Amino acid sequence: MIKLASRMNGIGESVTLAITAKAKALKAQGRDIIGFGAGEPDFDTPENIKNAAIKAIKEGQTKYTPVGGIPELKDAVISKFKRDNGLIYSREEIIVSCGGKHSIYNLLQAVIGPGHEVIIPSPYWVSYPVMARMAGGLPRIVGAKESEGFKMGHTAFAAAITKATKAVIINSPSNPTGAAYTPDELKAIAQVALKNNLLIISDEIYEKISYDGFKVISIASLSDEVRKNTVVLNGVSKAYSMTGWRIGYAAGTKEIIQAMTNIQSQSTSNPASISQWAAVEALNGPQDFIGAMVAEFEKRRNAIVHGLNAIAGVKCSRPNGAFYVFANVSGLYGKKFEGKIIKGSIAFTNYLLDSAGVAVVPGEPFGDDDYVRLSYATSMANVAEGVRRIREAADRLG
Ligand SMILES: *Cc1c(COP(=O)(O)O)cnc(C)c1O
């Protein structure tokens, strides 16, 4: 038996991917499962983007590229930042990675080391604390309760800062809560970060997915000073339904981007050449796909929030963005089914999957056990049927 490295202590499979896999396996066995687990849009990648990839293959764009991305894609990313965020970057300030997740991983490897604390508002995306620990750092979790709109206030942020604090991660709109920060909230966070010379890690992967006219802004766009202390992370996965293509990108100072590029050059090398050409088309081509997708998501959000709130023991606030709701199901904890007590979000998730054929994701790995995450990246018919099944399952508990 070969012993694993000590860095593997406490590092397991991503729970969100595990539950999706379990639901898929049950489906493959012929079980009728309604899936609210998906962390990706249920739309097909737009045709123009697929065609750009096919063209790239036919034209022989099938070899290594520059590690940090082809100049055409870097320029498309630069145009995107200018157009959408009013942010001006040069090519040396941009890196393209194998998905947004890979950019975040490279960034934490580049800036976080032993003794460094990373402030992470909770609920958080499951990978942030793990990636901070993999870099040798210490995640410092700050509660961002539902009563505060699932957002970290600047006072709580300031109180969590120590001499060891190196960075803060802001994810707006958020996975798992869908909460999005207003410009004023971001200003207050940025002020505290600048005062303490912290790196702001801004994960803006859900930037394009917001509702009720909520305008998502990039924290980096607040001022030139903030921009210099910020690395913006984004990608094509969510906005263009391209999760399988594995293209994400980051923008920051030359020094940090160079360090991230060096890590990438010694590990993965460039992201897939074909996917890069597809991403050029995604960013430079027609953008109307996004509006149509978001309009559909908004209808489903309204339906799922309404349906869940009609269930006794379930409470669900109305998020401004992403395609998740984070529903409080703690009103059902302590109840029993066939003699077994529902103790927390993992027990509740297993109960729903086994007895109702509904896949949700437990809140525990996101930092709050009172909740489960439901993704409404699924059809309206599935939303209706899934909510109906959850209501019946909740009513069966005694
Ligand atoms: C989906 C997601 C990403 C990036 O995903 P990739 O598929 O790696 O591009 C980054 N952050 C959050 C919070 C996400 O949900």
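Counting starts at 1 for both ligands and their atoms, following the listed order. Computed from a prediction, not measured in an experiment: that's the story for all the values here.
- Residue Gly100 has at least one nitrogen or oxygen atom sitting less than 3.5 Å from a nitrogen or oxygen atom of ligand 1, judged on distance alone.
- Side-chain atoms of Lys80 do not come within 3.5 Å of backbone N or O of Leu283 as any donor-acceptor pair.
- No side-chain heavy atom of His154 sits less than 4.5 Å from a side-chain heavy atom of Lys187.
- In terms of protein heavy-atom proximity, atom 15 (O) of ligand 1 is nearest to Tyr206 OH, 2.7 Å.
- Taking distance alone, with nitrogen or oxygen atoms compared against 3.5 Å, Asn175 approaches ligand 1 more closely than that limit.
- At a cut-off of 3.5 Å, with distance as the only test, a side-chain donor of Ser218 or Glu204 sits close to an acceptor on the other residue.
- For ligand 1, one of its N or O atoms has an N or O atom of Ser237 under 3.5 Å away.
- Regarding atom 7 (O) of ligand 1, its nearest protein heavy-atom neighbour is Arg246 NH1, 2.7 Å.
- Among protein heavy atoms, the minimum distance from atom 3 (C) of ligand 1 is reached at Lys238 NZ, 3.6 Å.
- The side chain of Asn171, and not its backbone, has at least one atom closer than 4.0 Å to an atom of ligand 1 (non-hydrogen atoms only; side chain from C-beta on).
- Geometrically, ligand 1 and Asp203 share a nitrogen or oxygen pair separated by less than 3.5 Å.
- Near Gly99, meaning under 4.0 Å from any of its heavy atoms, are these atoms of ligand 1: 8 (O), 9 (O).
- In this structure, His102 falls outside the shell of residues with a heavy atom less than 4.0 angstrom from ligand 1.
- Both tests hold for Arg227 against Tyr89: distance to the six-membered ring centre under 6.0 Å, angle to the ring axis within 45°.
- In this structure, a donor-acceptor pair under 3.5 Å is absent between the side chains of Thr182 and Asp184.
- Close contacts of ligand 1 with Tyr128, meaning ligand atoms under 4.0 Å from a residue heavy atom, involve 13 (C).
- Using a 30° and 60° split on the angle between ring planes, Tyr128 and Trp125 fall in the perpendicular class, above 60°.
- Below 30°, between 30° and 60°, or above 60°: for Phe326 and Tyr371 the angle between ring planes is below 30°, a parallel geometry.
- Judged purely by distance below 3.5 Å, without hydrogens or angles, the side chains of Lys22 and Asn350 pair a donor atom with an acceptor atom.
- The distance from ligand 1 to the heavy atoms of Lys101 drops below 4.0 Å at these ligand atoms: 4 (C), 6 (P), 8 (O).
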